[in-house]
Amino acid sequence: MQKVWEHQKYEEKIYKFWEKSGYFTPKPKKGRKKFCIIMPPPNANADLHIGHARFITIQDILIRYHRMKGEDVLWLPGADHAGIETQFVFEKKLKEQGKSRFDFSREELYQLIWNYVQENKINMEKQIKSLGASCDWTREKFTLDTEIVKIVYKTFKRLYEDGLVYRGKRIVNYCPRCGTAYSQLETEPQERESTLFYLDYKTITIATTRPETIFADTAIAVNPKDKRYKKLIGKTATIPIIKRKIPIIADNLVDINFGTGALKITPGHDATDFEIGKKHNLPTILVIDKQGRMVNTPKQYLGLKAEEARIKVVLDLEKEGVVIKKEKIKHLVSICYKDKGLIEPLPEEQWFIKVEKLAKNALSAIKGKKVRFVSRKYEKMAMHWLSNLKDWNISRQIVWGIRIPAWFCKDCQKWTITEGETPVSCQFCYSKNIEQDKDTFDTWFSSGQWPYATLLARSGSKIKIPLSLKDKKRLIDFANFYPTSVMETGFDIIPFWVIRMIMLGLYATNNVPFREVLIHGLVRDKEGQKISKSKGNVINPLEMSYKYGTDALRTALIWGSKIENDISVSEENIKGQRNFANKLWNIARFIKITKANLNWGKEKPNPQTKEDSLIIKDLQKTIQKTTKQIEEYRLNEAINELYKFVWHKLADKYLESTKIKTEKGTKIRKPSISVLQEVFKNCLILLHPFMPFITEAVWRELNISKKPLIIERWPIIKEK
RNA sequence: GACCGCUUAGCUCAGUUGGCUAGAGCGUCUGACUUACAUUCAGAAGGCCGGGGGUUCGAGUCCCUCAGCGGUCACCA
C-alpha cells in the first residue's frame, strides 16, 4: 500500500467493477423489503454543478445504506429534456453562430436539439458515475423515450375525457421575445418605478400606469362599498381621444384606496380585468399583439411598440387636457423568468388542467401523512402552494418537447384527442381537414408523471391509466417499487414538480408517488454566499473530485449542515475530508504492515485490556447512533460521529494503546488483533455509504472478505 | 402586506421526545522532526446559546414579546 490514499488509481476501476457485477441492479424477491428512489432527472443541457453533486451524494448514501441492509434497492436514473430551458440554451448557442431558430424548419430544429441533448446526456451520465452513484443504469430513462411519451399521452387523454383538461381562452403570461406563454410559476415579480396617470373619463377619474391600453377599455369598475361612486354605477364614462362610451360597473375586486378607487377594465391586457370582464360579460379588445406592437388603435399609434406608444398617447392626452395628475409609484410587474423582460398578459386559447380537485386530493394525502415531508417547513410550503393553485397552462409554443396529441377540425371546429397516433379523420364529423396543435407540453407535465412513468415504461405500453390491480401482476417494477420510498429534491421545484407529482400520481395510480419527501438546501460558498458564475465563486465538483477524491467531496457536501438547510462548502472543507480519507487509509496500511490482517475474522473478538473493552463498547454505541441518524436523514450527524470514532477514538487512542515496540519495529499486541479486526471492519461498513471508494479499496487491500463491501451486511446491535 | 424560517466559539454550522462540564470542522495560539499517516501528533485559548419576560426541580431546547437577517407568496391597476 502506498503512503497516501491515491484515489485516482482506484475510483474508476472500482466503479466499473460494481457496475459490471450488477450490484446496482436489484433482483427483487418476494417478502423482502423494497427501497426505491427515482433520481430527479438533471436537465440534459449542461454540466453537473455542485448542487447536483450534493443531491447525488445524499441519495447514494441512502441507497447504499438500504442495499447493505439487505433490501431490494432501486435507484432509477434519468434525464429531462427540459423543454424551455433547453431550447433557451440552444437558441443562445445558435445566436453565437449568428443563427436563430427561424432559420430552420420545425423538424430540423427538433433534430438539432435532439443531437445536442444526446451529447450532453452521455457527458452527464459519465459525471454522475464519477461521483460514485450506484444507480441502475439498465433502467435509465429519458423524458422523451417512446414508452414515457406514450404514458404521457394516455394521461392527457384520460384527463381530457374526465373533463380535467380543457381548451380555453384565458389570460396567459406571454413573453413576446421567447414567443411562448408561460405558467403562473414561470414569471417573476419585479419592482419597477412607474408613473401613475390620473385620467379624466368625464364622469369619473381613473388612475393607470398603462395609458396606451385605454383603447381596449370596456368598462370602469368601482367598489360597490365605495360611497363616492355609488351614484355613478350604471352610468357611462368616456374614453379620451377616441371618445368611446363605456359603462361604470361595480366589482369588489377593486381596491378603494388605490388611485381614485376607479379602475379601468381592460380584459384584453390584464388578468384581473379579464376576470372582471368575464363576470360582467364585457367584450375583450386587443390593442397589443404578440410581438408587443399596437393594433386596433387610432392610426398614429399603429405598429408602435407598447412602450413607445405610451409616450405618444400621454402627449396626446396632455394636449387634450385630460391628464389630471402624474404620480411616481413603485409597483410589481411580471417579468419572464428566462430573459427577465416584461411579460405581456394576453388572452390566448391554450390547454389547461383544472387543478382544484387534483390539488385537494394531494392536500389530503399530505395531511393524512400518506406523503410525509421530512422537514416541516417544506411541508408548509407545499400545502401553501396546493391551496392557492390556479389552473395549469400546459401548452408551450416551442418545438422542443412532447407535441400535444390534439387535432383541430377546420370543418366542425372540434378537437380530436388521441394517445399519440395521428387520427385518420375528425372523430366528430369525419372530416379529413384536420391539423395537429403546434404546441408542446410544459416539461413539468411529463416530469410530473415521472415516478410511475419510469417504473411502468419498462413493462411496455399496454398500460391502462388509471392502473388497476389486475395490471399490477404484469407490471413488475411498478408492483415492487411503487409508491417509491423517498423523493429527494430541491425546495425551488416544490411547486413545479413535487406537488404535481403528487397530484398526477394520485390521479393516475390512485396512490401517492412516494412516501417521504426529503428536501435539501443550497450549496453556498465559504462565506455563506449563493454560488453564481457572476460572483466567480463557482466550485466545480468534477475538479474537486479529481483533486481530492470523490469520497472527500462527498463527505464535504454533507458535513456540518442538516440536509434540509443550506450548506457552506469550500476547498478547505474538501481538503479536510481528504485528510480524513487518508487517515482511514493509513490505519489500514498500519494493519497490513504489522500483518494484523491475516486470518481476518477467524477469531471472535476477545477483549482483554480496558482499552479493548472500551473500543468495543464505543463501537456498539457508534453503530446504534449512526444507524438511527441515517434512518432519520441526519446524515451530517452520522458522518461526524464516524469521523470522531475513527480518527479520535480508534486511531488516536486505541491503536496507540495496542502498539508494542520491538527491535524489528512496531507491532500490534497479539491479543488485541481480533478486537481491532472487528472494530475496523465495522468502520469500513459504516463509512461505505459515505465514502464508497476508499472503503471498498481498503476492504480489498486487507482481504477482509471475498464478498465486496458494497453488498456486505449492515451491522445490527440488539437493544438491551 | 401575509406566511415560514434563522439568530449558538473568529468563520461555517450541529445540538429531535427539556437532563452529565454546550459540540464539530476550519481558523488562531503553544509545543513535538516521533510515526501507519506532516494529508501527522500532544495541548490551549475562545460562548451572559440575539434582547427581555414566562413555564419547570431543571430551558440553547417549550410559551410570550421585541429586534435584526433570510426565504416564499400576493390581482393593487
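Chain naming here is simple, since letters A, B, ... match the order of the sequence lines and numbering starts at 1 in each.
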- A:Ile587 or A:Arg634: which one's nearest nucleotide on RNA chain B is closer to the 5' end?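 Result: A:Arg634.
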- When you match A:Thr272 and A:Met381 each to their closest nucleotide on RNA chain B, which lands nearer the 5' end? A:Met381
Do the side-chain N or O atoms of [X] get closer than 4.0 angstrom to the phosphate oxygens (OP1, OP2) of [N]?
X: A:Lys526; N: B:rG27; answer: no
X: A:His331; N: B:rA77; answer: yes
X: A:Trp647; N: B:rC41; answer: yes
X: A:Asn565; N: B:rA14; answer: yes
X: A:Lys583; N: B:rC41; answer: yes
X: A:Thr666; N: B:rA36; answer: yes
X: A:His648; N: B:rG25; answer: yes

Among [options], find the nucleotide with the atom closest to the side chain of [X].
X: A:Ser561; options: B:rA14, B:rU40, B:rG25; result: B:rA14
X: A:Asp255; options: B:rA77, B:rA36, B:rG25; result: B:rA77
X: A:Asp652; options: B:rU16, B:rC41, B:rC75; result: B:rC41
X: A:Val254; options: B:rA14, B:rU40, B:rA77; result: B:rA77
X: A:Leu253; options: B:rA77, B:rG25, B:rC75; result: B:rC75
X: A:Ser568; options: B:rU12, B:rC75, B:rA42; result: B:rU12
X: A:Lys562; options: B:rU16, B:rA36, B:rC41; result: B:rU16
X: A:Asn640; options: B:rA14, B:rA24, B:rG25; result: B:rA24
X: A:Asn582; options: B:rG5, B:rU39, B:rA36; result: B:rU39
X: A:Lys644; options: B:rA14, B:rA77, B:rA24; result: B:rA24

Both distances below 3.5 Å, Watson-Crick or wobble geometry, any strand: find the nucleotide opposite [N].
N: B:rA67; result: B:rU7
N: B:rA2; result: B:rU72
N: B:rC49; result: none
N: B:rU17; result: none
N: B:rC62; result: B:rG54
N: B:rC41; result: B:rG31

Distance in angstrom units between [X] [atom1] and [N] [atom2], rounded:
X: A:Asp566; N: B:rC4; atom1: CG; atom2: C1'; answer: 14 Å
X: A:Leu522; N: B:rU12; atom1: CG; atom2: C1'; answer: 15 Å
X: A:Asn586; N: B:rU40; atom1: CG; atom2: P; answer: 10 Å
X: A:Ile639; N: B:rA14; atom1: CD1; atom2: C1'; answer: 14 Å
X: A:Asn573; N: B:rG25; atom1: CG; atom2: P; answer: 12 Å
X: A:Ile276; N: B:rC76; atom1: CD1; atom2: P; answer: 13 Å
X: A:Tyr378; N: B:rG70; atom1: OH; atom2: C1'; answer: 12 Å
X: A:Ile265; N: B:rA77; atom1: CD1; atom2: P; answer: 13 Å

- Query: Between A:Lys169 and A:Phe274, is NZ or CZ placed under 6.0 angstrom from the six-membered ring centre and within 45° of the ring axis?
  - Reply: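 Cation-pi check for A:Lys169 and A:Phe274: fails.
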- Separation of the P atoms in B:rG27 and B:rC20, to the nearest angstrom: 30 Å
- Applying ring pair (Phe, Tyr, Trp, His ring centres under 6.0 Å), run through A:Tyr643 and A:Phe580 and close with a yes or a no. CA-CA 7 Å; A:Tyr643 182 100; A:Phe580 176 54; 4.6 Å; yes
Mind checking if [X] touches a base, just sugar-phosphate, or nothing, with heavy atoms under 4.0 Å?
X: A:Ala207; result: base
X: A:Lys592; result: nothing
X: A:Ala581; result: nothing
X: A:Arg589; result: sugar-phosphate
X: A:Lys667; result: nothing
X: A:Asp273; result: nothing

- Query: Considering only heavy atoms and no angle criterion, is a donor-acceptor pair shorter than 3.5 Å present between the side chain of A:Glu656 and the base of B:rA36?
  - Reply: yes
- Message: Can you see whether A:His520 engages A:Thr489 through a side-chain donor-acceptor pair at a distance of less than 3.5 angstrom?
- Response: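 No - no donor-acceptor pair under 3.5 Å links their side chains.
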- Task: Report yes or no: do A:Thr626 and A:Glu641 form a side-chain donor-acceptor pair below 3.5 Å?
- Result: no
- Query: Mind checking whether A:Thr260 and A:Tyr198 have side chains closer than 4.5 Å, heavy atoms only?
  - Reply: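 Yes. Closest side-chain heavy atoms under 4.5 Å.
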- Do the non-hydrogen side-chain atoms of A:Leu619 and A:Phe680 ever get within less than 4.5 Å of each other?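 A:Leu619 does not reach A:Phe680 side chain to side chain.
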- Query: Parallel, tilted or perpendicular for A:Tyr378 and A:Phe491, by the 30°/60° rule?
  - Reply: parallel
- Query: Parallel under 30°, tilted from 30 to 60°, perpendicular over 60°: which one fits the rings of A:Trp585 and A:Tyr10?
  - Reply: perpendicular
- Task: Please test A:Lys278 against A:Glu275 for salt bridge (Lys or Arg N to Asp or Glu O under 4.0 Å), starting from the C-alpha separation and ending with a verdict.
- Result: CA-CA 5 Å; A:Lys278 241 178 152 182; A:Glu275 219 174 287; over 6 Å; no
